[in-house]
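Only this structure's heavy atoms are used, side chains among them; waters, hydrogens and symmetry mates stay out. Order of listing sets the numbers, starting from 1, for every ligand and every atom in it.
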Amino acid sequence: MPASNLAPPVLTAEDVLANLGALRGRQPVKFSAFYSSQLGGIVTDPALMVIPFDDHMVHRGHGIFDTAGVVNGKIYDLEAHLDRFLGSAERSKLKLFGSRETMRDIIIGTTAASGQRDGSIRYWLSSGPGSLELSPAAGAEPGFFVMIFGGLSYPERWYSQGLRVMTTTYPIKPPLYAITKATNYLPNVLMQMEAKEAGLDNGVFIDESGFVGESSNMNVAFVTQDDVLRHPKFRQVLPGCTSLRLLELAKPLVGRILRGVEVCDIPVAEARAAREMMLLGSSVKVAPVVEWDGKPIGDGKPGPVTRALLEVLEEDMRTSDRLIDVPYVA
Ligand SMILES: Cc1ncc(COP(=O)(O)O)c(C=O)c1O
């Protein structure tokens with residue numbers, strides 16, 4: 001057979017740079033800075049925000065990540081996100097890139113270089129490049145990457161009118177994988193796509209015992225008919241930094257709009273009978289769920305506890321002692 005003249009071209013380094021630029025031109029992205037241990041520094045041109053294909057995070061999912069927020073030029077609750085990052089690294093048998101302090105300094109330095117004063121910082125640890133095998137390649141150096149971007153955004157309607165969710169048909173991750181923030185989000189992706197295809201806002205995982213799990217990239221919590229804030233145990237759901245913080249911040253509300261705060265197994269039937277249901281996470285913050293599987297939660301309107309929790313969280317993000325100043329240049 002004669003060779004097809006549609007065979008792909010063999011490219012020079014200049015061609016590759018030009019093509020990466022063209023790709024970003026066709027689909028602009030709003031990433032303001034990217035650090036890569038493999039590049040050896042920070043780039044601000046999105047065309048240069050790349051990773052070698054043979055990195056095992058790319059083709060085997062052997063990597064972990066975490067996301068912290070930037071609020072008014074300060075990084076919020078980074079230590080909690082770093083604690084979880086280190087836990088995920090250990091469970092994933094990933095070598096660290098330097099010390100916790102080194103990674104923290106790189107995160108702060110990349111944020112400073114981005115100039116971004118509101119948005120998100122997502123950072124990854126990979127087992128590194130070197131082969132297409134499963135176990136890390138001989139001599140592989142761990143990769144550390146930091147991306148600064150505008151953050152995920154959700155419709156204003158979620159907060160003013162509330163979300164509509166469905167129980168996903170996809171199985172929940174087993175505990176080890178659920179509590180580890182690895183780059184294996186296939187169940188989460190499929191759950192969210194399934195909900196969107198059904199005209200809904202998101203899905204909810206239920207565990208094998210019939211207890212409520214979590215949503216795609218958010219935790220779930222409820223307010224019972226007798227005003228107790230209930231959150232699922234962190235056994236088979238990600239220990240959300242937002243949830244953990246809110247469980248503390250909610251305590252002063254006990255005796256005012258709450259009677260108690262509990263972390264416990266929540267059977268689906270009890271959850272459906274809740275007065276309020278909410279989604280919690282660094283990007284969504286606190287958002288009311290008003291309908292689940294076609295049935296209203298409570299009176300089908302956003303409730304007062306959800307609203308109060310959003311207020312205390314936003315206050316904490318502005319004023320708490322968990323803020324790190326970013327040394328922006330200008
Ligand atoms: C699966 C999953 N659950 C819950 C959360 C909420 O965690 P956090 O509050 O730390 O954003 C996230 C987001 O990171 C997530 O990906």
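Neither the backbone nor the side chain of D66 comes within 4.0 Å of ligand 1, counting heavy atoms alone.
Using a cut-off of 4.0 Å between Lys/Arg side-chain N and Asp/Glu carboxylate O, D66 and K181 are scored as not salt-bridged. For R230 and E276, the salt-bridge test fails: no basic side-chain N is under 4.0 Å from an acidic carboxylate O.
Residue contact check: G240 has heavy atoms under 4.0 Å from atoms 7 (O), 8 (P), 9 (O), 10 (O) of ligand 1. Every atom of ligand 1 is numbered from 1 in the order shown, and the set under 4.0 Å from a heavy atom of S282 is 8 (P), 9 (O), 10 (O), 11 (O). Ligand 1 places these atoms under 4.0 Å from at least one heavy atom of N188: 1 (C). Interface of Y185 with ligand 1, defined as ligand atoms under 4.0 Å from a residue heavy atom, comprises 1 (C), 15 (C), 16 (O).
Of the candidates N217, L279, V220, the one placing a heavy atom closest to atom 13 (C) of ligand 1 is N217. Around atom 1 (C) of ligand 1, the closest heavy atom drawn from E214, H81, M191, K181 belongs to E214.
Cation-pi geometry between R117 and Y328 is met: the NZ or CZ atom falls under 6.0 Å from the ring centre, inside 45° of the normal. Relative to the ring axis of W292, R272 places its NZ or CZ within 45° and under 6.0 Å from the centre. The cationic group of K173 lies under 6.0 Å from the six-membered ring centre of Y185 and within 45° of the ring axis, placing it in a cation-pi geometry.
The closest approach between a heavy atom of N219 and any atom of ligand 1 is below 4.0 Å. Using 4.0 Å as the threshold, S216 has a heavy atom nearer than that to some atom of ligand 1.
Using modelled atom types and a 3.5 Å distance limit, the side chains of T102 and S99 yield a donor-acceptor pair. A donor-acceptor pair shorter than 3.5 Å cannot be found between the side chains of S135 and H62. In this structure, a donor-acceptor pair under 3.5 Å is absent between the side chains of E214 and Q236.
Atom 9 (O) of ligand 1 has as its closest protein heavy atom T242 OG1, 2.6 Å.
Checked against a 3.5 angstrom limit, the closest N/O atoms of C241 and ligand 1 fall inside it.
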